[in-house]
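Order of the sequence lines fixes the chain letters, A, B, ..., with proteins taken first and strands second; residue numbering starts at 1 for each chain.
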2 protein chains.
Amino acid sequence: MVVDQGSAPDIDKVFQALADSTRRDIVSRVATSEFSVSGLASLYAMSFAAVQKHVAVLERASLVTKEKRGREQIVRGNHEGLAKARSLLDGYEALWRQRAGLIVDLLNEKQA
Amino acid sequence: MVVDQGSAPDIDKVFQALADSTRRDIVSRVATSEFSVSGLASLYAMSFAAVQKHVAVLERASLVTKEKRGREQIVRGNHEGLAKARSLLDGYEALWRQRAGLIVDLLNEKQA
DNA sequence: CTAACGTACAACCAAATGGTTGTAGATCAG
DNA sequence: CTGATCTACAACCATTTGGTTGTACGTTAG
């Protein structure tokens, strides 16, 4: 398929991970600096375990990485997942722009 | 501001909508041509009602629009929701590039 | 008019999600 | 060593999600 970049389950994980405002906030914070999991947890009005789960979701989506440092786990932004999502949306954008001048579009109007 | 970035719940809906491969396939198909809901339903190995629900999710996320034509509902791509998601991801990308410690940054990209 | 088609929507179900509390293992400070 | 801190993970709960079937209604074709 034209738009497909990476396997569907992986893309599912990326968008699913981004579909939560707490997780998006974590992504934007770790994009510019490092945080321990507990450092992140102190920012939100929810339990440590809840934040831990959010970080795990982001990690599975390749949007962040964790690295053990002493007794802390340092969370950093990971470009990989973000790039996946962006390239997919760029693909849709390209399709969309392609549509404007497409005569085939008119021919296919009744097609199902 | 040129592009409205949208409220958090709206963004939630867009990413949530994109976190399903059937819905992403619908988005890519209606990006270039029109489909009735039943036309879309014939493409997937699931019930009409299931596809109807997927379209409803996409519509609530402003990723598609529906327009009644006779007894059919014509589904078209809508640029609005897509633009929302893209501008948000572009924002993350910008944060990422602003990040201090650029050497470490580049090393991380090599690994990915 | 009648039958078939396209849609809408409700009710139901299993699984996933987002949160909680509690327990336990490492690691650091004193 | 002891205690505080950071993390991991299990169990539990309410809500949402993604699917189903069934019913109802407007629209088009014959």
Side-chain angles (χ1 to χ4, degrees), chain A residues 7-27 29-30 33-76 81 108-112, chain B residues 8-27 29-30 33-76 81:
Chain A
S7 74
D10 285 353
I11 301 280
D12 284 5
K13 283 180 205 158
V14 174
F15 285 118
Q16 178 59 40
L18 290 171
D20 179 283
S21 63
T22 299
R23 287 196 292 263
R24 285 195 302 276
D25 193 69
I26 292 176
V27 166
R29 287 182 188 273
V30 301
S33 56
E34 298 178 347
F35 282 86
S36 66
V37 179
S38 58
L40 286 170
S42 69
L43 300 170
Y44 308 104
M46 66 184 73
S47 68
F48 172 84
V51 174
Q52 207 177 17
K53 282 193 189 180
H54 281 309
V55 171
V57 169
L58 291 170
E59 193 181 16
R60 272 182 249 117
S62 300
L63 283 164
V64 307
T65 59
K66 280 195 307 186
E67 186 192 349
K68 196 168 182 183
R69 194 167 68 188
R71 65 183 162 185
E72 294 183 334
Q73 286 275 23
I74 303 302
V75 182
R76 296 192 184 86
N108 284 347
E109 263 184 14
K110 294 283 177 163
Q111 183 256 342
Chain B
D10 285 352
I11 301 280
D12 284 6
K13 283 180 205 158
V14 174
F15 285 119
Q16 177 58 40
L18 290 171
D20 179 282
S21 63
T22 300
R23 287 194 294 262
R24 286 196 302 277
D25 193 69
I26 291 175
V27 166
R29 287 181 188 273
V30 301
S33 58
E34 298 180 345
F35 284 86
S36 67
V37 179
S38 58
L40 285 170
S42 69
L43 300 171
Y44 308 106
M46 65 183 73
S47 68
F48 171 83
V51 174
Q52 207 178 18
K53 282 193 190 179
H54 281 308
V55 171
V57 169
L58 291 170
E59 193 180 16
R60 271 181 250 118
S62 301
L63 283 165
V64 306
T65 60
K66 280 196 306 186
E67 186 194 348
K68 196 168 182 182
R69 195 168 67 191
R71 64 183 163 184
E72 293 184 333
Q73 286 275 22
I74 302 303
V75 182
R76 295 192 184 85

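The salt bridge (Lys or Arg N to Asp or Glu O under 4.0 Å) contacts involving residues 34-57 of chain A comprise A:E34-A:R69, A:E34-A:R76, where partners must be two or more places apart or lie in separate chains. Sequence neighbours left out, not one pair with a member in residues 37-51 of chain B passes salt bridge (Lys or Arg N to Asp or Glu O under 4.0 Å).
Take B:V37 and apply the side chain to side chain contact (heavy atoms under 4.5 Å, CB included) test, not counting sequence neighbours, and it matches B:F48, B:Q52, B:K66, B:Q73, B:V75. When the side chain to side chain contact (heavy atoms under 4.5 Å, CB included) test is applied to B:T22, the partners found at least two apart in sequence or on another chain are B:D20, B:I26, B:Y44, B:M46, B:H54. B:R60 meets the side chain to side chain contact (heavy atoms under 4.5 Å, CB included) test with B:A56, B:V57; sequence neighbours excluded. Residues meeting the side chain to side chain donor-acceptor pair (under 3.5 Å) test with B:S62, sequence neighbours left out: none. Judged as a side chain to side chain donor-acceptor pair (under 3.5 Å), and not counting sequence neighbours, A:S21 has no contacts.
Contact annotation for B:T22: no contact, since no heavy-atom pair falls under 4.0 Å across all strands.
Rounding to the nearest 0.5 Å gives a distance of 9.0 Å between CZ of B:R23 and CG of A:D12. In this structure, CZ on A:R24 lies 6.5 Å from CZ on B:F15, to the nearest 0.5 angstrom. Taken to the nearest 0.5 Å, the CZ atom of B:R71 stands 10.5 Å off from the OG atom of B:S36. Distance check: A:L43 CG to A:D25 CG gives 7.5 Å after rounding to the nearest 0.5 Å. Once rounded to the nearest 0.5 Å, the distance linking CG of B:L58 with CG of B:L18 reads 7.5 Å.
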Review item, nucleotides 23-30 of chain D N/O atoms under 3.5 Å of protein N/O:
none

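In this structure, the CG atom of A:L40 is 13 Å from the C1' atom of D:dC6, given to the nearest Å. Atom CD1 in A:I74 sits about 11 Å away from atom P in D:dC6, given to the nearest Å.
Heavy-atom minimum distance, A:V14 versus A:G81: CG1-O, 3.7 Å. Counting all heavy atoms, side chain and backbone alike, A:V55 lies closest to A:V64 at O-CG2, 4.0 Å.
Summary for the helix from C:dC1-D:dG30 to C:dG30-D:dC1: the axes at its two ends, each from 5 pairs, differ by 30° when rounded to the nearest 10 degrees.
A:S42 contributes a side-chain N or O that, together with a main-chain N or O of A:G39, makes up a donor-acceptor pair within less than 3.5 Å.
Close approach of DNA chain C to chain B, defined as any atom under 4.0 Å from a non-hydrogen atom of the protein, starts and stops at C:dA4 to C:dA11.
Of the residues in residues 13-21 of chain B, those with a non-hydrogen atom less than 4.0 angstrom from any atom of DNA chain D are B:Q16. Across residues 43-59 of chain A, A:F48, A:A49, A:Q52, A:K53 each have a non-hydrogen atom less than 4.0 Å from an atom of DNA chain D (numbered order).
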